[in-house]
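All remarks here apply to the structure that follows.
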Amino acid sequence: MDSIIYIRVSTQPQVDKVWSLKGHLDRCREYAENNNLNIVAEFTDGESGGTYYRTGFKQVEEMLTRKEAGAVIIDGATCFGRSAAEGMAIYEEWINDEGIDIHYLDSGKVIYKGSRKLVENVKLVVSEYERERIRERTMQGRLTKAQAGKMVMSGIPPYGYRKQGFREDAVLVRY
């Protein structure tokens, strides 16, 4: 069966570390080979699974709409997305309405009917919950750092400031 590999990592720095994506892709390719799935395309995203509007994911949907593949291989439910409601809607559309197979490396082909529907929905809810827990832990870590008098920022310093020093010793200095 013609298949698409879809890999999602949460951030652009993870995309820039090619070895991270390579590991995902290698495992998906091996899964395809072991399950007689013919890979016709591979797409990646370096965006949060909390948003449905991801470039690579949209390309997957477009190919499926054009009937250019009948299956999607994904590392696991967390790579598919982190919104349970969107995941359930996609399962209904792709699997039940369009007859598209979804394969997870950790659990195989998704069966989305009968009692198996509950199992798959639980995976999606757990993915969404984990996304929220990651956000909470990140915010708590930033708050703790700020309360300790440390600079909390990522990326480019605010206008009129420059970063001086490295890592935990860094401070913002006015121009």
Side-chain angles (χ1 to χ4, degrees), residues 1-138 154-155:
M1 175 180 289
D2 286 346
S3 305
I4 301 168
I5 291 176
Y6 175 69
I7 302 295
R8 184 194 64 77
V9 291
S10 298
T11 64
Q12 188 59 43
Q14 288 175 303
V15 172
D16 296 339
K17 293 179 182 173
V18 176
W19 54 266
S20 176
L21 286 180
K22 183 182 179 327
H24 285 291
L25 288 168
D26 287 347
R27 287 190 306 277
C28 287
R29 290 172 184 145
E30 181 180 348
Y31 179 93
E33 185 177 325
N34 292 339
N35 290 277
N36 298 316
L37 298 170
N38 178 46
I39 301 166
V40 295
E42 297 175 349
F43 296 102
T44 60
D45 276 319
E47 302 170 54
S48 168
T51 178
Y52 177 73
Y53 301 99
R54 301 183 301 268
T55 306
F57 188 75
K58 286 298 175 191
Q59 292 172 310
V60 169
E61 285 189 309
E62 289 167 8
M63 282 189 73
L64 294 173
T65 298
R66 293 188 304 262
K67 309 285 189 212
E68 295 174 2
V72 180
I73 304 166
I74 303 172
D75 196 5
T78 60
C79 293
F80 189 58
R82 297 279 190 155
S83 166
E86 288 172 357
M88 290 175 204
I90 291 166
Y91 280 172
E92 285 292 339
E93 179 184 345
W94 287 11
I95 297 171
N96 293 341
D97 297 345
E98 303 295 328
I100 296 162
D101 293 342
I102 297 174
H103 294 263
Y104 290 141
L105 299 184
D106 60 355
S107 58
K109 182 180 169 183
V110 174
I111 307 297
Y112 199 66
K113 61 182 175 185
S115 61
R116 291 289 307 182
K117 207 174 200 181
L118 173 64
V119 172
E120 296 305 330
N121 286 346
V122 167
K123 287 180 190 178
L124 294 170
V125 170
V126 169
S127 291
E128 183 173 331
Y129 172 75
E130 180 57 21
R131 177 178 146 259
E132 188 60 29
R133 291 290 299 135
I134 290 168
R135 189 188 71 73
E136 288 171 4
R137 288 189 301 264
T138 301
S154 58

**OP:** Would you name the heavy atoms of Y91 and Y112 that are closest together and state the gap between them?
**Re:** CD1-CE1, 3.2 Å

**OP:** Enter the distance from K67:NZ to E98:CD here, rounded to the nearest 0.5 Å.
**Re:** 4.0 Å

Subject >> Reported CD-to-CG distance for the pair E93 and L64, which is rounded to 0.5 angstrom >> reply: 9.0 Å

**OP:** Go through the structure and list residues passing salt bridge (Lys or Arg N to Asp or Glu O under 4.0 Å) with E120, not counting sequence neighbours.
**Re:** R116, K123

Subject >> Within-4.5 Å side-chain heavy-atom neighbours: E42 and L25 >> reply: yes

Subject >> Gap between atom CD1 of I4 and atom CD of E68 - 0.5 Å precision >> reply: 7.5 Å

Original post:
How about L124 and N121: do any of their side-chain heavy atoms sit closer than 4.5 Å?
Top reply: yes

**OP:** Compare all side-chain heavy atoms of V40 with those of M63 and state whether any distance is below 4.5 angstrom.
**Re:** yes

Subject >> Side-chain heavy-atom pair W94, V110 within 4.5 angstrom cut-off >> reply: no

Original post:
Of all residues at least two apart in sequence or in a different chain, which pass the salt bridge (Lys or Arg N to Asp or Glu O under 4.0 Å) check with R135?
Top reply: E132

Subject >> Test item: R27 side-chain N/O and G23 main-chain N/O as donor-acceptor pair under 3.5 Å >> reply: yes

Subject >> Close side-chain approach of M88 and V125, heavy atoms under 4.5 Å >> reply: yes

Subject >> Salt-bridge contact R54-E61 (side-chain N to carboxylate O under 4.0 Å) >> reply: no

Original post:
What distance do I102 atom CD1 and I74 atom CD1 have between them, rounded to the nearest 0.5 Å?
Top reply: 6.0 Å

Original post:
Who are the side chain to side chain contact (heavy atoms under 4.5 Å, CB included) partners of A32, not counting sequence neighbours?
Top reply: L37, I39, I73

**OP:** Could you tell me the separation between the OH atom of Y31 and the CG atom of D75, rounded to the nearest 0.5 Å?
**Re:** 11.5 Å

Original post:
How about M1 and D101: do any of their side-chain heavy atoms sit closer than 4.5 Å?
Top reply: yes

Subject >> Backbone of G56 reached by a side-chain donor or acceptor of D45 within 3.5 Å >> reply: yes

**OP:** Please work out which of the three classes, parallel, tilted or perpendicular, describes the rings of Y6 and F57, given edges at 30° and 60°.
**Re:** perpendicular

Original post:
Is the closest side-chain heavy-atom distance between E33 and E30 below 4.5 Å?
Top reply: no

**OP:** Heavy atoms only: give me the nearest A85-E128 pair and the separation to one decimal.
**Re:** N-OE1, 4.2 Å

Subject >> Rounded distance (nearest 0.5 Å) linking atom CD1 of I100 with atom OG1 of T65 >> reply: 7.5 Å

